[in-house]
Amino acid sequence: MFRTRFAPSPTGYMHIGNLRTALYAYLIAKQAGGAFILRIEDTDQSRNVPESVAAIYNGLKLAGIEYDEGPDKDGGYGPYVQSQRLGIYKKHSEELIKKGHAYYCFCQKEDKPALESTGERVQGFRDPCRDLNAEEIQAKFDAGILPVVRQRIPEGGESSFFDHVYGEIAIDNSQLDDQVLLKSDGFPTYNFANVVDDHLMGITHVIRGQEYLSSTPKYNLLYEAFGWERPEYIHLPHIIKEDGSKLSKRKGDPSYEDLVKMGYLPEAIVNYVALLGWNPGDEREFFLLPELTQAFDMNRINKSSAAFSFDKLRWLNGEHIRALSPETFHELALTYYPQGLEKIDLGKLSQLIQIRTENLAEIPNLVAFFVDLPSYESDLFLHQKSKSTLESSLLVLQQVQPLLASLDEWTNESLFALLKSFSQEQGLKVGTVMWPIRTALSGQETSPGGATELAALLGKDETLRRIRLGLEKLS
RNA sequence: GCCCCUAUUGUCUAGUGGUUAGGACGCAGCCCUUUCAAGGCUAAAACCCGGGUUCGAAUCCCGGUAGGGGCACCA
């Protein structure tokens with residue numbers, strides 16, 4: 001049985017990379033019929049942001065990523081919050097000390113910078129406390145010094161492991177530090193907690209960012225020290241910006257929830273992010289979560305980092321919007337419609353704009369002209385392809401005005417029939433008739449919908465009023 | 001500084017020794033058309049560099065270069 005986990009630390013918002021990590025972990029579990037677990041890694045007390053736990057829940061929910069076990073969903077492997085597992089870590093660290101794979105270190109934080117300020121970084125750091133004897137240790141304890149627990153990296157040799165994305169990775173043990181496992185405040189470091197928890201929670205596949213690739217040998221040494229079986233590893237390449245720099249909230253790059261606020265559909269974001277570093281092997285690009293679960297294959301994850309393209313997200317968002325049922329789109333659109341559309345059939349308006357909406361946030365702009373006719377210049381009536389000139393426009397509007405005024409059935413179809421036959425009678429291109437009307441009704445170079453669609457929505461009175469205004473502009 | 005990883009059009013990618021190097025976004029053009037969009041079609045656009053191996057390398061090996069990551073009582 002596959003068991004994967006998403007283990008964010010509650011230090012802020014849910015960024016794009018986190019979303020993808022969660023998604024891949026979810027997909028890998030679900031496609032194998034396994035379980036997806038949420039674990040909160042709040043071992044750094046100074047960096048905890050309590051509200052961000054809510055943001056994580058919310059983000060996952062929005063994305064449709066449902067976890068089988070988590071802080072609020074016990075599956076028998078809890079607790080799922082690391083700060084509630086302190087006793088477990090302590091016990092395990094003592095086991096390691098007993099076995100000789102870890103030791104107490106009484107050095108103070110201030111001691112190390114001095115070491116490092118020699119200019120070169122100390123690699124394969126071997127702490128002086130490594131070789132303290134029992135009396136020395138007791139003496140330090142008696143002096144009231146709070147120790148940390150450090151991992152004892154074996155001298156010499158190399159550690160290797162297999163990663164499903166990056167293949168075989170080998171690192172010399174001399175490169176590995178005697179890292180801190182348990183801090184002096186009794187909290188574990190990530191390095192320790194993730195190993196202990198992953199094992200205790202039965203995690204079979206560890207999915208996480210590439211930044212952990214070179215510390216994974218240390219974790220493997222820990223598994224070995226405990227006599228535990230290693231999990232499978234799937235390290236993910238980073239998501240970066242198109243200019244090659246990294247996404248950062250500080251530089252104004254949006255989080256997952258920001259993107260939703262910006263008018264992108266959660267399912268479009270999920271779809272897009274899935275494609276950043278993975279492809280199905282065929283030419284499909286449009287995926288909803290269930291299809292993604294079917295199609296996903298961890299062996300097709302890419303090694304190199306991928307740049308986040310707003311252009312492509314925007315396009316994909318449009319695809320998802322178009323794939324929505326008219327009812328669903330209408331409901332969404334409703335929350336974006338501005339004031340002043342009371343007289344307009346919003347259901348019809350939604351039908352008109354669904355295919356033209358690539359981003360929900362642009363809806364207010366798209367429909368603004370229905371509320372207020374923008375001021376425009378008369379040369380807006382010029383249109384070469386429609387053979388529309390100032391003269392023809394004036395003529396058309398003059399002639400069409402009484403026809404419209406006497407039209408009883410005010411629908412797109414009847415309006416179109418009327419104007420089409422008018423153009424035929426006059427020997428004009430349909431466009432020559434439609435262009436000035438559409439222009440007068442929208443006051444814009446382009447509009448969602450043509451002349452008759454706009455007229456039908458605006459209603460007879462408003463249509464005639466806007467045509468009168470157009471005539472004033474032309475004469 | 002030491003170690004690890006990566007490298008196909010502007011971007012996301014397909015490609016596992018023999019392909020006119022395929023698709024998508026974006027860009028440009030055409031068609032459709034009641035403007036725009038959507039849709040359809042077409043175009044321009046790529047194998048980081050240098051050595052090998054091979055009859056033959058985007059593909060395998062080595063070396064550069066460039067980019068990313070790690071070396072915290074952060075995760």
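The analysis underlying the following values was restricted to heavy atoms, covering all of them including side chains, and did not include hydrogens, waters or symmetry mates. The structure displayed is predicted, hence computed values, not measured ones.
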Margin query: From the set B:U35, B:U13, B:G23, return the single nucleotide nearest to any side-chain atom of A:S447.
Written below: B:U35
Next item on the list: With A:R20 as the cation and A:Y24 as the aromatic partner, state whether NZ or CZ is under 6.0 Å from the six-membered ring centre and within 45° of the axis.
Entry: yes
Check: Given the C1' atoms of B:A57 and B:A38, what is the spacing between them in whole Å?
Finding: 43 Å
Notebook entry, point to check: Between A:R322 and A:W435, which has a closest nucleotide on RNA chain B that is more 5'?
Noted result: A:W435
Next item on the list: Tell me the partner of B:C32, counting only Watson-Crick (N1-N3 plus N6-O4 or O6-N4) or G-U wobble (N1-O2 and O6-N3) with both under 3.5 Å; none if nothing fits.
Entry: none
Margin query: Could you tell me how far B:U19 sits from B:G68 if I compare only their P atoms? Round to whole Å.
Written below: 35 Å
Margin query: Regarding A:T43, tell me which of base, sugar-phosphate or nothing describes its non-hydrogen contacts under 4.0 Å with the strands shown.
Written below: sugar-phosphate
Notebook entry, point to check: Choosing from B:C73, B:G69, B:U34, which nucleotide comes nearest the side chain of A:V180?
Noted result: B:C73
Check: Between B:C25, B:A75, B:C73, which one does the side chain of A:Y190 approach most closely?
Finding: B:A75
Notebook entry, point to check: Of the candidate nucleotides B:C36, B:C4, B:A24, which contains the atom at the shortest distance from the side chain of A:I169?
Noted result: B:C4
Margin query: Would you say A:Y336 and A:N365 are linked by a side-chain donor-acceptor pair, where the criterion is simply a distance under 3.5 Å?
Written below: no
Notebook entry, point to check: With no hydrogens and no angle check, do the side chains of A:S388 and A:S393 hold a donor and an acceptor under 3.5 Å apart?
Noted result: yes
Margin query: Categorize A:A7 for me: base, sugar-phosphate, or nothing, with a 4.0 angstrom heavy-atom threshold over every strand shown.
Written below: nothing
Checklist line | Side-chain donor-acceptor contact under 3.5 Å, A:E211 with A:H238 | finding: yes
Notebook entry, point to check: Ignoring hydrogens and angles, does a donor from either the side chain of A:K312 or the base of B:A24 sit under 3.5 Å from an acceptor on the other?
Noted result: yes
Notebook entry, point to check: With respect to the side chain of A:N279, which nucleotide from B:A14, B:G68, B:A72 is positioned closest?
Noted result: B:A14
Next item on the list: Could you check which of B:C36, B:A75, B:C12 has an atom nearest any side-chain atom of A:D44?
Entry: B:A75
Notebook entry, point to check: Using the C1' atom in both, what is the distance from B:U16 to B:C36, to the nearest Å?
Noted result: 46 Å
Next item on the list: Please figure out whether A:H383 or A:Y272 has its closest RNA chain B nucleotide nearer the 5' end.
Entry: A:Y272
Check: Would you say the base of B:U33 and the side-chain of A:K385 have a donor-acceptor pair closer than 3.5 Å?
Finding: yes
Check: Can you find a donor-acceptor N/O pair under 3.5 angstrom joining the side chain of A:S309 to the base of B:C12?
Finding: no
Margin query: Looking only at the side chain of A:S304 (C-beta and beyond, no hydrogens), which of the listed nucleotides B:U35, B:U6, B:G69 gets closest?
Written below: B:U6
Note to self: Would you measure the distance from the P atom in B:A43 across to the matching atom in B:G70 and give it in whole Å?
What the structure shows: 45 Å
Notebook entry, point to check: Counting any heavy atom closer than 4.0 Å, what does A:N302 reach on the DNA or RNA strands: base, sugar-phosphate only, or nothing?
Noted result: sugar-phosphate
Next item on the list: Choose from B:U34, B:A75, B:A24 the nucleotide whose nearest atom is closest to any side-chain atom of A:R47.
Entry: B:A75
Notebook entry, point to check: To the side chain of A:T189, which of B:U35, B:C3, B:C74 is closest?
Noted result: B:C74
Margin query: Taking B:U9 as the reference, what is the distance to B:A46 when you measure between their C1' atoms (whole Å, please)?
Written below: 4 Å
Next item on the list: For A:Y337 and A:S350, test the side chains for any donor-to-acceptor distance below 3.5 angstrom and give the result as yes or no.
Entry: yes
Notebook entry, point to check: In whole Å, what separates the P atom of B:C4 from that of B:C41?
Noted result: 49 Å
Margin query: What's A:F308 touching, base or sugar-phosphate or nothing? Going by heavy atoms closer than 4.0 Å.
Written below: nothing
Check: A:L38 versus A:Y57: any side-chain heavy-atom pair under 4.5 Å?
Finding: yes
Item checked: Aromatic A:Y376 / basic A:K473 pairing, under 6.0 angstrom, 45° off normal -> yes
Margin query: Distance check, C1' atoms only: B:C47 and B:G15, in whole angstrom units.
Written below: 10 Å
Margin query: Going by purine N1 to pyrimidine N3 plus the second Watson-Crick contact, or the G-U wobble pair, all under 3.5 Å, which nucleotide sits opposite B:U19?
Written below: none
Check: Under 4.0 angstrom, heavy atoms only, what part of the nucleic acid is A:R208 near: base, sugar-phosphate, or nothing?
Finding: nothing
Item checked: Whole-angstrom distance between B:G10 and B:G1, as gauged at atom P -> 31 Å
Margin query: As a test of reading the structure: which of B:C2, B:U34, B:U35 is closest to the side chain of A:Q175, going by heavy atoms?
Written below: B:C2
